[in-house]
Amino acid sequence: MSTTVAAQPGPFIFEAARTALVVIDMQRDFIEPGGFGAALGNDVTLLADIVPTVATLLALARRDGWLVVHTRESHAQDLSDCPPAKRLRGAPHARIGDAGPMGRILIRGEPGNAIVDALAPLDGEVVIDKPGKGAFYATTLDSDLRARGITHLVFAGVTTEVCVQTSMREANDRGYDCLLIEDATASYFPAFRQATLEMVRSQGGIVGWTAPFVALTEATESEPRWK
Ligand code: TIU
C-alpha cells in the first residue's frame, strides 16, 4: 500500500516497508553550547527549535514500521579518520578533538557527541557514525539500506545546507527517492535553510522533494489503519 504526500515539486509516493527515516546529526555537539557548532562561531540556539517536530516525526516512522536511521558526525579518538584539512580549517574557537565542556569536540563516545535525549535511538535502529558531512561517505549506510530493500528516504536533522543536503545529494546519486521535511531541518543561517529547500526541489526535483511535516501527517492518517 502506497502513501502519497502533497510535496513540492509534486507528489512524493512511498511504501512504508521500503522507506527509511534518516535523522541527520541531532547531536549535542551541534545543538547545545560548548560543542562543535559553537566552536565554529555559531549561535546554536537556532537548532533546538526543531527537536519537538523531529520527535513527532520519529514517532510517526516508528508507528508505521519504517526503518529508522540516525547519524552522528564523529571522529575516532586518535583522529585517524579526520583529514587535517577538516581539523585545521574553519575553527575560530576550538578544533575537532580539543577539550570542551561536553568532552572532546566531535569525538566518538564523548558526551557532546551523543544524540540529544529527546531523540535517542531505540534498540534495533540503525546508528551511523560518519566522519564526513555526507552520510554515505566512508560508512555502511548504502549497504545497510539495500540489504533491507529500502528505496525511499525521508530526511530530517541539521544542518540543512551542510550534512542534510550533502547526504541527500549522495542518496539521490545512488538512486534513492528523497523527501526533506521542511520544518524538521534547521541551519545556523535561516537564509541557507530556505535556499536549500528551494534548490532541492528546483528543476523538477533535481535532488528530491520537500514537504511540511503536516503534509506527511495528513497523508499517513488518511490511510486505512488495517493495511
Ligand atoms: N557547520 C555546519 O553547519 N554543519 C556541520 O558542520 N555538520 C552538520 O551539518 N551536521
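One-based numbering, in listed order, for ligands and for the atoms of each.
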J.: Minimum heavy-atom separation for Ala211 and Val5, please, with both atom names.
T.: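 Here Ala211 and Val5 meet closest at CB-CG1, 4.0 Å.
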J.: Among protein heavy atoms, which sits nearest to atom 4 (N) of ligand 1, and what does the distance come to when rounded to 0.1 Å?
T.: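 So the nearest neighbour among protein heavy atoms is Thr159 OG1, 3.4 Å.
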J.: For ligand 1, which atoms sit closer than 4.0 Å to a heavy atom of Phe30?
T.: 5 (C), 6 (O), 7 (N), 8 (C), 10 (N)
J.: Please classify the Asp25 to ligand 1 contact at 4.0 Å (heavy-atom distances, strictly less than): side chain, backbone, both or neither.
T.: side chain
J.: Which residue owns the protein heavy atom closest to atom 6 (O) of ligand 1, what's the atom, and how far is it?
T.: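 For atom 6 (O) of ligand 1, the nearest protein heavy atom comes out as Lys133 NZ, 2.9 Å.
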J.: To the nearest 0.5 Å, what is the distance between CG (Asn113) and CZ (Phe30)?
T.: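 Asn113 atom CG to Phe30 atom CZ measures 8.0 Å (nearest 0.5 Å).
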J.: Within the side chain of Arg72, is there an N or O that forms a donor-acceptor pair under 3.5 Å with the backbone of Val127?
T.: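 Side chain of Arg72 to backbone of Val127, a donor-acceptor pair under 3.5 Å: no, none is there.
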J.: Can you figure out which of Glu161, Glu73, Gln165 has its heavy atom closest to atom 7 (N) of ligand 1?
T.: Glu73
J.: Would you please classify the geometry between the Phe136 ring and the Tyr176 ring as parallel, tilted or perpendicular, with 30° and 60° separating the classes?
T.: tilted
J.: So is there a nitrogen or oxygen of Val158 less than 3.5 Å from a nitrogen or oxygen in ligand 1?
T.: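 Indeed, backbone or side chain, Val158 has an N or O that close.
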J.: Any nitrogen or oxygen of Leu40 lying under 3.5 Å from a nitrogen or oxygen in ligand 1? Just yes or no.
T.: no
J.: When you measure from atom 8 (C) of ligand 1 to every protein heavy atom, which one gives the shortest distance, and what is it?
T.: Cys163 SG, 2.6 Å
J.: For the residue pair Thr196 / Glu161, report whether a side-chain donor-acceptor contact shorter than 3.5 Å exists.
T.: no
J.: Is the backbone N or O of Ala135 less than 3.5 Å from a side-chain atom of Glu170, with the two atoms forming a donor-acceptor pair by type?
T.: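 It does hold such a pair.
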J.: Considering the heavy atoms of Phe36, write down every atom of ligand 1 situated less than 4.0 Å from one of them.
T.: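 This gives 6 (O) as the contact atoms.
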J.: When you compare the side chain of Leu57 with that of Leu216, does any pair of heavy atoms fall below 4.5 Å?
T.: yes
